[in-house]
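Contents: one structure, followed by commentary.
Convention: sequence-line order gives letters A, B, ...; per-chain numbering from 1.
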Amino acid sequence: MPELPEVETVRAGLAKYVTGKKITSAQAFHPRAVKPSSIAPITSLAGSRIKSVQRRGKFLWLTLDRPYALVAHLGMSGQLLVTPTTTSPHKHMRARFMLSGGLSRSNNEIRFVDQRTFGWVGVEEYAGDVPISVAHIALDPFEKEFDLAKVINRIRKRKSAIKPTLLNQEIISGIGNIYADEALWRAKIHPEIVCEDLSKAEVKRLINCAIDVMQEAILAGGTSFDEQYKNVNGESGYFERSLAVYGQEGEPCPRCGSAIARIAFANRSSHFCQRCQR
DNA sequence: CCTAACTCCTGCATGC
DNA sequence: TGCATGCAGGAGTTAG
């Protein structure tokens, strides 16, 4: 599911509902739901207070009044739902965190729900400003330290195709398959073009298109195709209706009208317009 | 240093 | 209806 706009929607929802609350108890229900490198069991979070909710790229973490963080990655199908404790358990509930205090009294639980179990939660110490598992992840383009010129130069040295480079979280974080395809379409760049062959202006245009499309998606509450992406209230986003190419194989290009193509490479689907994107 | 291939899962759509 | 196949928003590991 979730790329930067969806994770940011979840982050903002969590920040609104759980900041300042105390975790009174916590449990995990599935062995793969907890990151193996976690330094402590989920149950040990009991008694800690949530100070803030942070994000870099697709990684989320809660800062606590302790020298470690509760980190989460949603993988392909993870959800973090804020619910009343009386809500009946979800089918794929992998962990739960009971809360007390704070401003909103009715929603006193965070549930980690994940059908495919590619997502995880974990307890981690910090490496500088971010938890250990986030340390190798590049800045995302919404962080104020994000250095556009540096990223452009790095991309332009690469000999691989531009699409897998956009998906590489160690170069620029937050972009997944949907927004990579949408950004390439907006910038009129073919996904298989080699990075080295792109001009500085083209790479700059591409990253700015990625920023624009993700910003618009955040305002729409993210992209939801099915039941796999929900915000913390269990609601779908509505950016799906604004997608130009992702999932639009055979549909007319919104710019030139020719049919959107889908190809598979680097183990993923790519959707693009063969006329607009050379 | 880099890249490609493979892996971890469940559930749904499709085709025979 | 049943079964096999392919496909899905991610990222870590390994081999080369």
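Using a 5.5 Å limit on the distance between ring centres and a 30° limit on the angle between planes, the aromatic ring of A:Tyr229 does not count as stacked on the six-membered base ring of C:dG9.
At least one side-chain nitrogen or oxygen of A:Asn177 sits closer than 4.0 Å to the OP1 or OP2 atom of C:dG9. For the OP1/OP2 pair of C:dA8 and a distance below 4.0 Å, the side-chain nitrogens and oxygens of A:Ser77 include no atom meeting the criterion. For A:Lys157, no side-chain nitrogen or oxygen approaches OP1 or OP2 of B:dC1 to under 4.0 Å. Remark: A:His73 is in phosphate contact with C:dA11, judged by side-chain N or O atoms under 4.0 Å from OP1 or OP2. In this structure, A:Arg262 reaches the C:dA8 phosphate: one of its side-chain N or O atoms is under 4.0 Å from OP1 or OP2. For A:Tyr179, no side-chain nitrogen or oxygen approaches OP1 or OP2 of C:dG9 to under 4.0 Å. Contact between the side-chain N/O atoms of A:Gln169 and the OP1/OP2 oxygens of C:dA11 is found at a separation under 4.0 Å. Checking the phosphate oxygens (OP1, OP2) of B:dT3, no side-chain nitrogen or oxygen of A:Lys159 falls inside 4.0 Å. Contact between the side-chain N/O atoms of A:His92 and the OP1/OP2 oxygens of B:dG11 is found at a separation under 4.0 Å.
Residue contacts shown for A:Ser173 are absent, as no nucleic acid heavy atom lies under 4.0 Å away. No engagement by A:His30 is indicated, since no non-hydrogen atom pair under 4.0 Å with the nucleic acid exists.
Checking A:Ser269 against A:Arg262 by side-chain atom types alone, a donor-acceptor pair falls below 3.5 Å.
Nearest to the side chain of A:Arg116, among C:dG12, B:dT3, B:dT10, sits B:dT10. For A:Arg268, the side-chain atoms get nearest to C:dG9 when compared with the rest of B:dT10, C:dG9, B:dT3. Minimum atom distance to the side chain of A:Tyr246 is reached by C:dG9, of the listed B:dC8, C:dG9, C:dA11. Taking every side-chain heavy atom of A:Thr223 into account, C:dG9 is the closest of B:dC9, C:dA11, C:dG9. Nearest to the side chain of A:Lys91, among C:dA11, B:dG11, C:dA8, sits B:dG11.
A straight line from NZ of A:Lys163 to P of B:dT3 spans 16 Å, rounded to a whole angstrom. In this structure, A:Ile175 places its CD1 atom 12 Å from P of C:dA11, rounding to the nearest Å.
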Evaluate the ring-ring contact (aromatic ring centres under 6.0 Å, His included) criterion for residues A:Phe225 and A:Tyr246: first the C-alpha distance (whole Å), next the side-chain angles of each, then the deciding distance (0.1 Å), finally the verdict. CA-CA 11 Å; A:Phe225 299 116; A:Tyr246 188 87; 5.5 Å; yes
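Nucleotide B:dC9 forms a pair with no other nucleotide shown, judged by Watson-Crick or G-U wobble geometry with both contacts under 3.5 Å.
Linking ILVMFWY residues whenever their side-chain heavy atoms come closer than 4.5 Å, directly or via other members, places A:Val53 and A:Tyr68 in the same cluster. A:Val113 and A:Leu62 fall into different hydrophobic clusters, where Ile, Leu, Val, Met, Phe, Trp and Tyr side chains are chained together by heavy-atom contacts under 4.5 Å.
Comparing A:Arg32 and A:Asn267, the nucleotide of DNA chain B nearest to each residue sits closer to the 5' end for A:Asn267.
Residue A:Glu8 forms a side-chain hydrogen bond (donor to acceptor under 3.5 Å, both in side chains) with just one option from A:Arg55, A:Lys58, A:Gln215, and that option is A:Arg55.
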